[in-house]
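In what follows, a structure is listed as structure tokens, so that the remarks can point back to it.
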Amino acid sequence: MTRQHFPRLNLLPKLLSTLLVICTLAVQAQVSSSLPEDGLTAALRATLANHPAIAGKRAEIQASDYSLGEARSQRLPSVSLNTAYGEENRANFNQDEYAYPTTLRVRQPVWTFGRISNNIEAAEAGLDRESADLVRVRRELLTDTALAYAGVLSARARVAVAEQNLMQLEVLRQQIQRRAAGQLASDADTRLADTRLTQAKILLSRYRGEVDIARNTLQSLTQLPIVGSTPIASGLLQLEADALLEERVLKQSAQIQLRKQNVAQARAQVNQTRTSAMPTVYLQAEQFYDQPALRDDSQISVVLEAQLDGLGFSTRNRTGAASARQMAAEQELRLAHIQLQRDIRRLQRQRTLMGDIVESQRGAVEDLQALLDSYQRQYESGSKSWLEVMNIQRELNTERVLLTDSQNEQLRYSLELLGLSGELDLLAGLEVNND
């Protein structure tokens, strides 16, 4: 018999290498999950999940829902039990015990002349109003979060400008030190370069402090640390034409929807107040215990119950007050529409104007950079002084900071318009009602 020899497979190194890869991936996943999230979307979702104002408004909606359940339960029958100490009825009993006359009564409302229906309608209007107010609070918080995130980006951009300025000043300082070593520059030039460098370091330190302040402002909304280093996608900031945007904002405005719900609630309260004094027809069933003076132990009847406070003038005055509140709510709706239209046009105009300013400042930065390069060459050839080079460097840095601030202002106007139109809701994963 011929013995076949199979190659010996050494599986241990392969198993160890596979295990090492798995462990490495697990460690990387754990490290990445422990890092704070970043980006505008993460900030918006963190605010929705953690801000106490939203939780409080949801609790108010739950309270209104319970009030609606209370109003609906008025259609159900009511049960009452009355009992009393009946010593005077001892003679009617053939036993030496005291009597406790008891009456069990069940009342089912049959006809309330619209009072219960109007109470339910008012409770539903209150629930709808609280739901609309939740949308308003949520949208305001999303806008504040987006603006706070833009503030972090702006502070980081100023830090980047300050770091670039510091780096360029350091290069210029080294250049003048070399020239001073060759007796081509004076000690005054060296001290001026050191002074400008110190000022740049102080400015950089201040801008870094502004980053911490901006991140703290953002964290007060998100309740979670957000890095705030991921830029906002440029496609998000591409808004539609002014007329279309204004129409969409007016249609989807949370403020307008809230004012409309205020009008609906005031109208429901008028109907509720008008029918509050209406009588009620009950179908009543009673069961009597320990009352031998009565002919029957049970009784079924139809009861009409009504109460008129102040000869009806109280209801009349309350109805008049409710009608006045409805009129006030309608005027607030008109005012909110006017104010929102004014704010939209203001933001659109400022955004367009700031865009023109950004383009002009961007050109100024490019011109100053080219002028600085020219001044440096002329300084090396001896036709320009060191002070002129330093002054151009200072103007360049100032213009860069102004450009950064203008870009931030343009971004803020765009984010405010996005917040009014509901685009931030979509970015945070919410649905926008287009009705």
From CA spacing to verdict: salt bridge (Lys or Arg N to Asp or Glu O under 4.0 Å), Glu423, Arg139: CA-CA 10 Å; Glu423 289 295 326; Arg139 191 164 293 180; over 6 Å; no
Salt-bridge present ([X], [Y]; N to O < 4.0 Å):
{"X": "Arg259", "Y": "Glu330", "value": "no"}
{"X": "Arg72", "Y": "Glu124", "value": "yes"}
{"X": "Arg248", "Y": "Glu240", "value": "yes"}
{"X": "Arg158", "Y": "Asp405", "value": "yes"}
{"X": "Asp212", "Y": "Arg215", "value": "no"}

Regarding [X] and [Y], do their side chains bring together a donor and an acceptor under 3.5 Å, going by distance alone?
{"X": "Gln341", "Y": "Glu246", "result": "yes"}
{"X": "Arg400", "Y": "Asn397", "result": "no"}
{"X": "Ser406", "Y": "Gln361", "result": "yes"}
{"X": "Gln393", "Y": "Asn165", "result": "yes"}
{"X": "Asn118", "Y": "Thr275", "result": "yes"}

[Y] side chain reached by [X] side chain, heavy atoms, under 4.5 Å:
{"X": "Arg138", "Y": "Leu430", "answer": "yes"}
{"X": "Leu258", "Y": "Arg129", "answer": "yes"}
{"X": "Glu409", "Y": "Arg351", "answer": "no"}
{"X": "Asn82", "Y": "Thr102", "answer": "no"}
{"X": "Ser220", "Y": "His51", "answer": "no"}
{"X": "Leu245", "Y": "Val249", "answer": "yes"}
{"X": "Ser298", "Y": "Ile300", "answer": "no"}
{"X": "Asn50", "Y": "Thr222", "answer": "no"}

Looking at [X] and [Y], would you say the former's side chain and the latter's main chain have a donor-acceptor pair under 3.5 Å?
{"X": "Ser205", "Y": "Ile202", "answer": "no"}
{"X": "Ser154", "Y": "Gly151", "answer": "no"}
{"X": "Gln74", "Y": "Ile116", "answer": "no"}
{"X": "Arg156", "Y": "Gly228", "answer": "yes"}
{"X": "Glu395", "Y": "Met390", "answer": "no"}

From CA spacing to verdict: side chain to side chain contact (heavy atoms under 4.5 Å, CB included), Val358, Leu403: CA-CA 6 Å; Val358 166; Leu403 173 60; 4.0 Å; yes
Of the non-hydrogen atoms in [X] and [Y], which two are nearest, and what is the gap between them?
{"X": "Gln257", "Y": "Ala132", "value": "O-CB, 4.2 Å"}
{"X": "Thr145", "Y": "Leu218", "value": "O-CD1, 3.7 Å"}
{"X": "Ala322", "Y": "Gln269", "value": "CB-O, 4.2 Å"}
{"X": "Thr404", "Y": "Ala157", "value": "CG2-CB, 3.3 Å"}
{"X": "Leu44", "Y": "Leu142", "value": "CD2-O, 3.5 Å"}
{"X": "Ala200", "Y": "Leu169", "value": "CB-CD1, 3.5 Å"}

Trace of the side chain to side chain contact (heavy atoms under 4.5 Å, CB included) decision for Gln376 with Leu172: CA-CA 9 Å; Gln376 286 180 337; Leu172 295 176; 2.8 Å; yes
To the nearest 0.5 Å, what is the distance between [atom1] on [X] and [atom2] on [Y]?
{"X": "Leu224", "Y": "Thr47", "atom1": "CG", "atom2": "OG1", "value": "8.5 Å"}
{"X": "Arg107", "Y": "Ser301", "atom1": "CZ", "atom2": "OG", "value": "8.5 Å"}
{"X": "Gln331", "Y": "Arg334", "atom1": "CD", "atom2": "CZ", "value": "5.0 Å"}
{"X": "Arg362", "Y": "Ile357", "atom1": "CZ", "atom2": "CD1", "value": "12.5 Å"}
{"X": "Glu305", "Y": "Gln284", "atom1": "CD", "atom2": "CD", "value": "9.0 Å"}
{"X": "Leu418", "Y": "Leu239", "atom1": "CG", "atom2": "CG", "value": "5.0 Å"}

Criterion side chain to side chain contact (heavy atoms under 4.5 Å, CB included) on Arg196 and Asn391, from CA distance to verdict: CA-CA 10 Å; Arg196 295 289 177 88; Asn391 289 338; 3.2 Å; yes
Arg394 vs Gln199, side-chain hydrogen bond (donor to acceptor under 3.5 Å, both in side chains): CA-CA, chis, key distance, verdict: CA-CA 11 Å; Arg394 172 177 287 181; Gln199 293 175 350; 3.1 Å; yes
[atom1] of [X]: more than 12 outside heavy atoms within 6.0 angstrom?
{"X": "Met167", "atom1": "CE", "value": "yes"}
{"X": "Arg316", "atom1": "CZ", "value": "no"}
{"X": "Tyr66", "atom1": "OH", "value": "no"}
{"X": "Gln339", "atom1": "CD", "value": "yes"}

Side chain to side chain contact (heavy atoms under 4.5 Å, CB included) evaluation trace for Tyr207 with Val401: CA-CA 11 Å; Tyr207 287 160; Val401 173; 3.8 Å; yes
Verdict with supporting geometry, Glu170 and Lys201, salt bridge (Lys or Arg N to Asp or Glu O under 4.0 Å): CA-CA 11 Å; Glu170 181 66 32; Lys201 291 179 180 179; 5.6 Å; no
Salt bridge (Lys or Arg N to Asp or Glu O under 4.0 Å) between Asp133 and Arg136, worked out: CA-CA 5 Å; Asp133 198 26; Arg136 178 193 63 83; 2.6 Å; yes
